[in-house]
Peer 1: 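Handing you a structure now.
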Amino acid sequence: MQPSDKALVPFVSVDNMMRLVHHIGVEKMIIELAAVIEADFKRWESFDKTPRIPAHSPHGVIELMPTSDGEAYGFKYVNGHPKNTSEGLQTVTAFGLLADVYTGYPTLLTEMTILTALRTAATSALVGSYLAPTNAKTMAMIGNGAQSEFQCLAFKAMCGIDTVRLYDIDPNATVKCAANLSGKGLSVISCKTPEDAIEGAQIITTCTADKKYATILTDNMVGPGVHINAIGGDCPGKTELHKDILLRSDIFVEYPEQTRIEGEIQALDDDYPVTEMWQVMAGQSKGRTDDRQITLFDSVGFAIEDFSALRYVKQAIDGTEFFEPLDMLADPDDPRDLFGMVMRAV
Ligand code: NAD
């Protein structure tokens, strides 16, 4: 028995996601994703929100990230295992699903490892477009792993940077990142220390992976007027910045209830004031107000960004060949005759 079209779920494999990225172009896709994320942040109050649901182990964390706007429902499965790279595996992998709230039927299943890198970069640069100093031209990129090239290209495409200064404790990661960024329209400078990397940078992105309270930046490394895009501290017991930097910064977050558990601000009191980025985008709160202010985006990654990305992909694959129809929903002719359908399949 052939499943009807309504029971076939479009599935975007890693291979098809890569074809989609090439079809659209990395920077164009980041810009388009950022537009969808911004539109969804502006209607923040129409979403169900909850901190993501983690399963911690000594090896890393596995998380579920659900949300819904009442019409569509989405979730992402994502892991964070910093020790994986030493075993030839990735720190972060993900897949996600979109569903129709009216029927409860899934409408998209997709790889989200590549999509997470794109949506994280899109969110970072979108936030940077509100908070980074105007005319910022140089970004320090500390942590040159899987996310790093996406971050650099997002800030080039959306915030107008023309120079990146790379640093990683593993020089091979910096060599890889510099090679991947060659010919992409950025001046790329490989640095031997984090102090060298931040020299002259108006934007500092930290995107390292270590399951501990790390100190990637100390207080004396951060001068007035800088925007810090802190990506890597996204789990209890896993942060990147010295607490004194937080106390000198104006802190901007996605969803405080989740960031207070997972972000840099886990080092601060539960009522320490932070600004929600959706309020800045909706014009309800101020972003950067002066040239000497240190702005800090304490990014942990929130479910609405993935929901935006899922909806973007669903629309982007429409009418293309970048997906396969997946037979993942039982579809008996008589909806109550599931057993009969199984028996007739002999
Ligand atoms: P990755 O393992 O591919 O890269 C991490 C890099 O950090 C490695 O090259 C490693 O050598 C480097 N590093 C570790 N400690 C360092 C230090 N002290 N100084 C300089 N470099 C150091 O991981 P990835 O996929 O690029 O992810 C990076 C981090 O970003 C992870 O912690 C991940 O959980 C987080 N992340 C956050 C979001 C978000 O939305 N905020 C999204 C995706 C990933």
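Whatever order the structure lists ligands and atoms in, that order sets their numbers, starting from 1. Note: hydrogens, waters and symmetry copies are ignored here, and every other heavy atom, side chains too, is used. Please read these numbers as outputs of a predicted model, since none were measured by experiment.
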Peer 1: Mark yes when over 12 heavy atoms from residues, nucleotides or ligands other than D291 sit less than 6.0 Å from its CG; otherwise mark no.
Peer 2: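 Open: at most 12 neighbouring heavy atoms sit under 6.0 Å from CG of D291.
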Peer 1: Looking only at protein heavy atoms, which one is nearest to atom 20 (C) of ligand 1, and what is the separation?
Peer 2: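 Of the protein heavy atoms, I169 N, 3.4 Å lies nearest.
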Peer 1: Check each heavy atom of I231 against ligand 1 and say whether those closer than 4.0 Å belong to the side chain, the backbone, both or neither.
Peer 2: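 Both of them.
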Peer 1: Using a strict cut-off of 4.0 Å, indicate which atoms of ligand 1 neighbour a heavy atom of A173.
Peer 2: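 Near A173, meaning under 4.0 Å from one of its heavy atoms, ligand 1 has 9 (O).
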Peer 1: Check R119 against ligand 1 and report side chain, backbone, both or neither, counting heavy atoms closer than 4.0 Å.
Peer 2: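 Looking at R119 and ligand 1, just side chain atoms fall under 4.0 Å.
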Peer 1: When you look for heavy atoms under 4.0 Å from ligand 1, do you find them on the side chain of D168, its backbone, both, or neither?
Peer 2: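 Under 4.0 Å from ligand 1, D168 contributes backbone and side-chain atoms.
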Peer 1: Any Lys/Arg nitrogen of D306 or R52 sitting under 4.0 Å from an Asp/Glu carboxylate oxygen of the other?
Peer 2: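 The answer is no: the pair does not qualify as a salt bridge.
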Peer 1: May I ask which of V300, T91, V61, N229 has a heavy atom nearer to atom 2 (O) of ligand 1 than the others do?
Peer 2: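 Selected option, by shortest heavy-atom distance: T91.
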Peer 1: Which is closest to atom 41 (N) of ligand 1 by heavy-atom distance: C235, S299, A121?
Peer 2: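 Of the listed residues, S299 has the closest heavy atom.
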Peer 1: With heavy atoms of T85 as the reference, note each atom of ligand 1 found under 4.0 Å away.
Peer 2: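 Here the atoms of ligand 1 in question are 2 (O).
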Peer 1: Taking only heavy atoms of A209 into account, list the atoms of ligand 1 that are under 4.0 Å away from them.
Peer 2: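 Result: 2 (O), 5 (C), 7 (O), 14 (C), 31 (C), 32 (O).
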Peer 1: Taking salt bridge (charged side-chain N to carboxylate O under 4.0 Å, His left out) as the test, write out the residues that go with D69, two or more places apart.
Peer 2: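 Per chain and number, D69 pairs via salt bridge (charged side-chain N to carboxylate O under 4.0 Å, His left out) with R43.
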Peer 1: Under a 4.5 Å cut-off applied to non-hydrogen side-chain atoms, are Q266 and I261 in contact?
Peer 2: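 Counting from C-beta outward, Q266 and I261 never come under 4.5 Å.
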Peer 1: Check each of T93, T208, T120, V92 against atom 7 (O) of ligand 1 and report the one with the nearest heavy atom.
Peer 2: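 The residue whose heavy atom sits nearest atom 7 (O) of ligand 1 is T208.
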Peer 1: Heavy-atom pairs closer than 4.0 Å: do any link ligand 1 to the side chain of K238, the backbone, both, or neither?
Peer 2: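 Side chain only; the backbone of K238 stays clear of ligand 1.
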Peer 1: For R311, run the salt bridge (charged side-chain N to carboxylate O under 4.0 Å, His left out) check against D40, D100, D318 and tell me which one passes.
Peer 2: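 Testing R311 for a salt bridge (charged side-chain N to carboxylate O under 4.0 Å, His left out) against D40, D100, D318 leaves exactly one candidate, D40.
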Peer 1: Give me the residue, atom name and distance of the protein heavy atom closest to atom 36 (N) of ligand 1.
Peer 2: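 Going atom by atom, the protein heavy atom closest to atom 36 (N) of ligand 1 ends up being D234 OD2, 3.5 Å.
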Peer 1: Determine, stepwise, if the pair F252 / F297 fulfils ring pair (Phe, Tyr, Trp, His ring centres under 6.0 Å).
Peer 2: CA-CA 5 Å; F252 296 82; F297 177 39; 8.6 Å; no
Peer 1: Dump the intermediate steps for salt bridge (Lys or Arg N to Asp or Glu O under 4.0 Å) on D162 and K156, then the final yes or no.
Peer 2: CA-CA 6 Å; D162 58 23; K156 169 181 168 269; over 6 Å; no
Peer 1: Considering A146, G143, C177, which one's heavy-atom position lies nearest to atom 3 (O) of ligand 1?
Peer 2: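 The residue whose heavy atom sits nearest atom 3 (O) of ligand 1 is A146.
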Peer 1: Under the side-chain hydrogen bond (donor to acceptor under 3.5 Å, both in side chains) test against Y130, which residue among K286, E38, R288 passes?
Peer 2: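 It is E38, the one option of K286, E38, R288 that forms the side-chain hydrogen bond (donor to acceptor under 3.5 Å, both in side chains) with Y130.
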Peer 1: Would you mind listing every ring pair (Phe, Tyr, Trp, His ring centres under 6.0 Å) that reaches into residues 195-243, with sequence neighbours excluded?
Peer 2: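 Listed by first then second residue: nothing to list.
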Peer 1: Can you pull out the closest protein heavy atom to atom 17 (C) of ligand 1? Residue, atom name and distance to 0.1 Å, please.
Peer 2: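 That would be I216 CD1, 3.5 Å.
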